[in-house]
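For reference, the structure discussed in these notes is given below.
Order of the sequence lines fixes the chain letters, A, B, ..., with proteins taken first and strands second; residue numbering starts at 1 for each chain.
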There are 2 protein chains.
Amino acid sequence: MTDPGQDDGLRHRKRTAAMARIQAVALDLFDERGYEAVTVEQIAEASDISPSSVYRYFGTKEQIVLLGEFEFDASDARLATVDAGTPLEFTRQLLRTVMGRLVGDDEQRTRRQMRLVMSNPALEVALAGQVYAASETLGEVFAARLERPTDDLEVQVLSHVVVGALLGGLHHWHGTGFAGPLRDVLDRCLDLLERGLQVGAPVTPTPAPGGTSSRPTRLPSR
Amino acid sequence: MTDPGQDDGLRHRKRTAAMARIQAVALDLFDERGYEAVTVEQIAEASDISPSSVYRYFGTKEQIVLLGEFEFDASDARLATVDAGTPLEFTRQLLRTVMGRLVGDDEQRTRRQMRLVMSNPALEVALAGQVYAASETLGEVFAARLERPTDDLEVQVLSHVVVGALLGGLHHWHGTGFAGPLRDVLDRCLDLLERGLQVGAPVTPTPAPGGTSSRPTRLPSR
DNA sequence: CTCTCACTGAGAGTGACTGTCAATTGGTAG
DNA sequence: CTACCAATTGACAGTCACTCTCAGTGAGAG
């Protein structure tokens, strides 16, 4: 073998083409008849592929819709190239660098997926699971860069809050009929976080309870 | 019929007892053999009840573990009695008033559930779904009290952020071997939000981009 | 005591998903 | 070009969560 894990080669290209075809066919069928009403077997048949392979490619029926859209990988090489100050600045760059598929090209496709996901409970739950997994990963990244334990309260709250804010933005985007580019909406979500959400304004800043520590939270850029 | 929706009566008591028995039996079996390895049919048999009824009671296998634990109802009568200033103060009271089961009595049970949930991907996803459903509901409550549309960006971000913070706390609690009462952990999460998370500190507060509006976010108490 | 109807249990059926195995096909060395 | 190897595929059988239907039963009302 030449070099395992190569991205070229007929084999790999066929696989990628098949996956794209399956996704396109499936989205059409889902739009036409509804997610529940379409079986994986029907998708397979309409895609000229065996049901076995559909499962090999996507794992679950939900992943035919969601695959790769709302996840990122802590070991992604591009992560090292992201070099930012605060966790929020870091997150901003992350969205562009590693999750470009979500905020960048082919937004039309993302709208179609969102409409589909929001119209089906099973897909909503699957999306929540995906997003939640992203919180975990983001927590690990934050922990590493802030040099704190992964289970640190502030790290966990921070990562989940950031992801929550973005998910809130996604809901807003969907609820307003996809008004404006998703990229701008998510940017405004991070703006809100940076401004402290203005939700605790009247409360006098308490002198920090017995947490792990509370030095200013700035990400060291590697 | 005397009064539908009554909480007494032999019928209702039987149902409640059966559900409690099923949950107890199921948790034992899950701890013993693992969640995946136990079938609903086995749970039903060990509980002296038909599989049909298990599904009637809980709907899904996951709900046998999760039912009622991480959800709340926007039409809950007790909501009206919660009367607080900022959304975070409101959330604090909410946890005690409506979700007492989570932060209050029988914390031992909650630990057992958390351990189980965190050890199984399917349950983790189900929990995430439950939690994000709570975001939706909380968003509706915030929107109503702040007199803003439900899809308002700040409302959505706020509700998802609050729920995210609590979920982060839950992870911290689990990751640290359930150190201290859950109630205190969740309180510290809300404290962090009140202090603005200190994550955007070095950034000069931008003069508010073209959002929907940005008056001080204080909940009117009904 | 009797009527009634909500709830229960039994059973059949659907579809997502898994594991196995033989056939096939792309990549490579001779 | 050919032979070989390894990865991939499709066919098939099986499991299990979950749904639907329907007849039987027991709680509750008069």
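Residue B:Val38 is in sugar-phosphate contact alone, with no base atom involved, counting any heavy-atom pair closer than 4.0 Å across all strands shown. At the heavy-atom level, A:Tyr57 lies under 4.0 Å from the strands shown only through sugar-phosphate atoms. Base engagement by A:Ser52 is indicated by at least one non-hydrogen atom pair under 4.0 Å involving a base atom.
Judged by atom type and distance alone, A:Arg13 does not reach the base of C:dG26 through any side-chain donor-acceptor pair under 3.5 Å. You won't find any donor-acceptor pair under 3.5 Å spanning the side chain of A:Arg15 and the base of C:dG26, going by distance alone. Within 3.5 Å, a donor on the side chain of A:Arg11 pairs with an acceptor on the base of C:dT25, or the reverse.
Nearest-nucleotide mapping onto DNA chain C: of A:Leu10 and B:Ser50, the residue sitting toward the 5' end is B:Ser50. Residue order along DNA chain D, read from the 5' end via each residue's closest nucleotide, puts B:Arg56 first among B:Arg56 and B:Lys14.
Of the candidate nucleotides D:dG10, D:dC18, C:dG9, D:dG10 has the atom nearest to the side chain of A:Ile49.
Between the C1' atom of C:dT8 and the CD atom of B:Glu45 lies a distance of 17 Å, rounded to the nearest Å. Rounding to whole angstrom units, CE of residue A:Met19 and C1' of D:dT8 are separated by 14 Å. In this structure, CG of B:Asp48 is placed 16 Å from C1' of C:dA10, rounded to the nearest angstrom. Computed from coordinates, the B:Gln63 CD to D:dT19 P distance equals 12 Å when rounded to whole Å. In this structure, B:Ile22 places its CD1 atom 13 Å from C1' of C:dG9, rounding to the nearest Å. Here D:dA11 presents its C1' atom at 12 Å from CD of A:Glu41, a figure rounded to the nearest Å. Atom P of nucleotide C:dA10 and atom OH of B:Tyr55 are separated by 16 Å, given to the nearest angstrom. As a whole-Å value, the separation of B:Glu36 CD from D:dA17 P is 9 Å.
The ring of A:Tyr132 has its center closer than 6.0 angstrom to the ring center of B:His171.
A cation-pi arrangement is present between B:Lys61 and B:Tyr35, with the terminal nitrogen or guanidinium carbon under 6.0 Å from the aromatic centre and inside a 45° cone about the axis.
Side-chain contact between B:Arg33 and B:Gln42 is present, with at least one heavy-atom pair separated by less than 4.5 Å.
Salt bridge status for B:Arg78 with B:Asp73: absent, with no side-chain N to carboxylate O gap under 4.0 Å. Using a 4.0 Å cut-off between charged nitrogen and carboxylate oxygen, A:Asp31 and A:Arg112 count as a salt-bridge pair.
Phosphate proximity of C:dC17 to A:Lys61: absent, as no side-chain N or O sits under 4.0 Å from OP1 or OP2.
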